[in-house]
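Note sheet for the following structure.
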Amino acid sequence: MKQSQLFTKTRKNAPADEVARNAQLLIRAGYVHKEMAGVYAYLPLGLRVIENIKQIVREEMNAIGGQELAMTTLQPKEIWEKTDRWDDAKVDNWFKTKLANGTELGVGFTHEEPIVDVLRDYVSSYKDLPFSVYQIGPKFRNELRAKSGLLRGREFLMKDMYSFAKTQQEHEKIYEGTVQAYHKIYERLGLGDFTYRTYADGGIFTDKFSDEFQTLSDVGEDTIYVDETRKIAINKEIMTDENLEKLGLDKNALVEKRGVEVGNTFHLESKYTDALDVYFTDDQGQKQSIISGCYGIGISRLMGVIAEQFADEKGLVWPENITPFKVYLVQIGDTVKQARAVYKALQEKGITVLWDDRDVRPGEKFADGELIGLPHRVVVSEKLDGQVEYSSRTGNEKEVLTVEALLAKLGN
RNA sequence: CGGGGUGUGGCGCAGUUGAUAGCGCGUCCGGUUUGGGACCGGAAGGUCGUAGGUUUGAGUCCUAUCACCCCGACCA
């Protein structure tokens, strides 16, 4: 992509009403546009990041047998009444609306009820189970207070998977498999080293704990206690002596940290399936409850967390796997021809490039490149005598290479 | 939802005891520049969040309202 054609521009100042570092940088660099409090549009650069995150999540969900689908945003109130989650006293962050004829509708804040409602059409026998389905799409929550930029929005993107099993044992296996997939996802996103599986409250309908995935961060909203050697943590909310013993955690090994919840997994037992009257018939001809689990990952929140986590004083720093483009190609002076050749050569290798072909001074290009945060910078300049200068976003050293050497370096 | 704060060109800000709204960045035109956000000259762009009110006169005072931010409570 030529930067001269990118419709967004960088800006030197962040809007005064945006305090969160992630949103400040993402806005300054042209990744997102704030539509209103807690509601952000994803601009071309931002959408590329979002799509990269989604793709990693999708691949890992597919790898454990998840089947992708897309549920609806508009929701009939009846199914939510069956699980007693329609009443505003029970769920206070619903967005609700009405059809022209007055029929009340909900705007989806989660999708347990609708997916279970779908099962009714397709699941009746033990032969139909187990399976998992997931979707990646918008969620709407009428938060009393949106905050922290992309970390807590009223409209946000989430991957939510739901599993359905014949027995608790079968469910546990799926659940653990999903937890392992989550670890892979955070690893691939570059967050593996500081994202912890964290025991948390399982909710009112199970005595099991749920698991949160907490990325350590000063801007985190949760207080967690981390056992760094075992790579596990416990949320402050459930930090009691009794729970520590139940979980086999040693209080003395725990360190208090702040975390951002970047995912969670819940045991739902048969609460939703029973409430919506969806059962299966076992091989003895007996009606049985379906055991389910739900598994969320905040896609747009992850973009915020990653922006926040890796940024330095110059701007964003994207991990290799989710960067909108791999290379920031800077053309200095009268070098269009050479720059185009490098651009094409990189692209032929399958390396994505943002080519700064603008007619602006070098300093501005470097500053913008650093703000935008692509991992690799390549400079084409008359000074380099046909070679190119390579530097990484995070390193200080620059090396002058031939184009062939550059391709070899970036091509693996 | 409780407490606190802020709304003035695209962005960041100033605007005194009430008197026809300024600055920086950005944008446009012309020129000089070109390895770290250049410089010179010119120009466009604002019913001061909105609605009432007080006043000869309101960005400024009063009332209401909306939006946004922060702390708390709640939540992916």
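Below, each value reflects all heavy atoms present in this structure, side chains not excepted, and no hydrogens, waters or symmetry copies. In what follows, every chain begins at residue 1, and chains take the letters A, B, ... in the order their sequences are listed.
- Listed by first residue number, the stems of RNA chain B with at least three Watson-Crick or G-U pairs below 3.5 Å are B:1-7 with B:66-72, B:10-13 with B:22-25, B:27-32 with B:38-43, B:49-53 with B:61-65.
- Within residues 378-387 of chain A, the residues approached by RNA chain B to less than 4.0 Å at the level of any non-hydrogen atom are Val379(A), Ser381(A), Lys383(A), Leu384(A), in residue-number order.
- Residue Ile185(A) contributes atom CD1, which lies 15 Å from atom C1' of A76(B) at whole-angstrom precision.
- Among the protein residues, Glu18(A) comes within range of no part of the nucleic acid, since none of its heavy atoms lies under 4.0 Å from any strand.
- Listed by chain and residue number, Thr198(A), Ala200(A), Glu212(A), Gln214(A), Asp222(A), Ile224(A), Glu237(A) satisfy the side-chain contact (heavy atoms from CB on, under 4.5 Å) test with Asn235(A) (two or more places apart in sequence, or in another chain).
- When rounded to the nearest whole Å, the span between CG of Leu144(A) and P of C68(B) equals 13 Å.
- For the pair Arg154(A) and Phe95(A), the cation-pi criterion (under 6.0 Å, within 45° of the ring axis) is not fulfilled.
- Checking C70(B), G35(B), C25(B) against every side-chain atom of Lys147(A), the shortest atom distance belongs to C70(B).
- Heavy atoms of Gly263(A) sit nowhere under 4.0 angstrom from any nucleic acid atom.
- Not counting sequence neighbours, Lys9(A) has no partner by the side-chain contact (heavy atoms from CB on, under 4.5 Å) test.
- Within 4.0 Å of Glu237(A), counting heavy atoms only, lies no atom of the nucleic acid at all.
- A side-chain donor from one of Tyr175(A) and Asp211(A) sits under 3.5 Å from a side-chain acceptor of the other.
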Inset, instruction - Show your working on side-chain hydrogen bond (donor to acceptor under 3.5 Å, both in side chains) between Gln55(A) and Glu51(A) and close with a plain yes or no. - result: CA-CA 6 Å; Gln55(A) 189 53 32; Glu51(A) 291 300 329; over 6 Å; no
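- There is no side-chain donor-acceptor pair under 3.5 Å between Arg197(A) and Tyr186(A).
- Spacing of C1' atoms, G52(B) relative to U20(B), comes out at 23 Å, to the nearest Å.
- Counting only heavy atoms from C-beta outward, the side chains of Met61(A) and Glu68(A) never approach each other to under 4.5 Å.
- Comparing G10(B) with G49(B), their P atoms sit 13 Å apart, to the nearest whole Å.
- Candidate nucleotides G72(B), G35(B), G37(B) were compared by shortest atom distance to the side chain of Arg145(A), and G72(B) ranks first.
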Inset, instruction - Determine, stepwise, if the pair Asp227(A) / Tyr196(A) fulfils side-chain hydrogen bond (donor to acceptor under 3.5 Å, both in side chains). - result: CA-CA 9 Å; Asp227(A) 182 332; Tyr196(A) 288 76; over 6 Å; no
Considering only distance and modelled atom types, tabulate donor-acceptor pairs under 3.5 Å from the side chains of residues 12-27 of chain A, sequence neighbours left out.
residue: Glu18(A); atom: OE1; partner: Lys34(A); partner atom: NZ; Å: 3.1
residue: Glu18(A); atom: OE1; partner: Tyr40(A); partner atom: OH; Å: 2.9
residue: Glu18(A); atom: OE2; partner: Tyr40(A); partner atom: OH; Å: 3.3
residue: Arg21(A); atom: NH2; partner: Ala311(A); partner atom: O; Å: 2.9
residue: Asn22(A); atom: OD1; partner: Leu150(A); partner atom: N; Å: 3.0
residue: Asn22(A); atom: ND2; partner: Ser148(A); partner atom: O; Å: 3.2
residue: Asn22(A); atom: ND2; partner: Glu308(A); partner atom: OE1; Å: 2.8
residue: Gln24(A); atom: NE2; partner: Glu18(A); partner atom: O; Å: 2.7

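- Between Met158(A) and Lys365(A), the residue anchored nearer the 5' end of RNA chain B, judged by the nucleotide with its closest heavy atom, is Lys365(A).
- The gap from the C1' atom of C66(B) to that of U50(B) amounts to 7 Å, rounded to the nearest Å.
- Considering only residues two or more places apart in sequence or on other chains, Lys96(A) meets the salt bridge (charged side-chain N to carboxylate O under 4.0 Å, His left out) condition with Asp88(A).
- Taking the side chain of Lys12(A) as heavy atoms from C-beta on, and the options G35(B), G37(B), A76(B), the nearest nucleotide is G37(B).
- If you take atom C1' in C11(B) and the same atom in G26(B), they sit 7 Å apart, rounded to whole Å.
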Inset, instruction - List the protein contact pattern of nucleotides 9-15 of chain B with one symbol per nucleotide (5' to 3'): B for base contact, S for sugar-phosphate-only contact, - for none; contact means a heavy-atom distance under 4.0 Å. - result: --SSS--
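- Rounded to a whole angstrom, the distance from the C1' atom of G12(B) to that of U8(B) is 12 Å.
- In this model, a donor atom of one side chain and an acceptor atom of the other lie less than 3.5 Å apart for Glu112(A) and Thr110(A).
- Using a 4.0 Å heavy-atom cutoff across all strands shown, Asp368(A) reaches at least one base atom of the nucleic acid.
- Screening Lys54(A), Arg188(A), Lys159(A) for a salt bridge (Lys or Arg N to Asp or Glu O under 4.0 Å) involving Glu60(A) leaves a single residue, Arg188(A).
- Across Leu354(A), Leu410(A), Thr352(A), a single residue satisfies side chain to side chain contact (heavy atoms under 4.5 Å, CB included) together with Val327(A), and that is Leu410(A).
- No hydrogens or angles were tested; on distance alone, nothing pairs the side chain of Glu364(A) with the base of G36(B) as donor and acceptor under 3.5 Å.
- The aromatic ring of Phe366(A) is not stacked on the base of G35(B), since the criterion of ring centres less than 5.5 Å apart with planes inclined by under 30° is not met.
- Outside the 6.0 Å centre-distance limit, the rings of Tyr162(A) and His111(A) are not counted as a close aromatic pair.
- For Glu143(A) and C71(B), the CD to C1' distance is 17 Å, given to the nearest whole Å.
- In terms of polar N and O atoms assigned as donor or acceptor, the side chain of Arg377(A) comes within less than 3.5 Å of the base of G36(B) in a complementary pairing.
- Take Thr223(A) and apply the side-chain contact (heavy atoms from CB on, under 4.5 Å) test, not counting sequence neighbours, and it matches Tyr225(A), Lys236(A), Glu256(A), Arg258(A).
- Rounded to a whole angstrom, the distance from the C1' atom of U33(B) to that of C40(B) is 11 Å.
- Relative to the six-membered ring of Phe366(A), Arg377(A) meets both conditions, a distance below 6.0 Å and an angle of at most 45° to the axis.
- Residue Asp211(A) contributes atom CG, which lies 14 Å from atom P of A76(B) at whole-angstrom precision.
- Residues from residues 29-57 of chain A with heavy atoms under 4.0 angstrom of RNA chain B, sorted by number: Lys34(A), Met36(A), Ala37(A).
- With sequence neighbours excluded, the residues that form a side-chain contact (heavy atoms from CB on, under 4.5 Å) with Ser132(A) are Met161(A), Ser163(A), Ile174(A).
- Under the ring pair (Phe, Tyr, Trp, His ring centres under 6.0 Å) criterion, Trp86(A) pairs with Trp94(A), sequence neighbours left out.
- Within 4.0 Å (heavy atoms only), Arg358(A) reaches no atom of the nucleic acid at all.
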Polar atoms only, N or O, under 3.5 Å: list the protein pairs with nucleotides 28-33 of chain B and their distances.
residue: U33(B); atom: O2; partner: Arg361(A); partner atom: NH1; Å: 2.7

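- The gap from the C1' atom of G37(B) to that of C25(B) amounts to 11 Å, rounded to the nearest Å.
- Going from the C1' atom of G9(B) to that of G22(B) covers 11 Å, rounded to whole Å.
- Phe109(A) comes within 4.0 angstrom of nothing in the nucleic acid, heavy atoms only.
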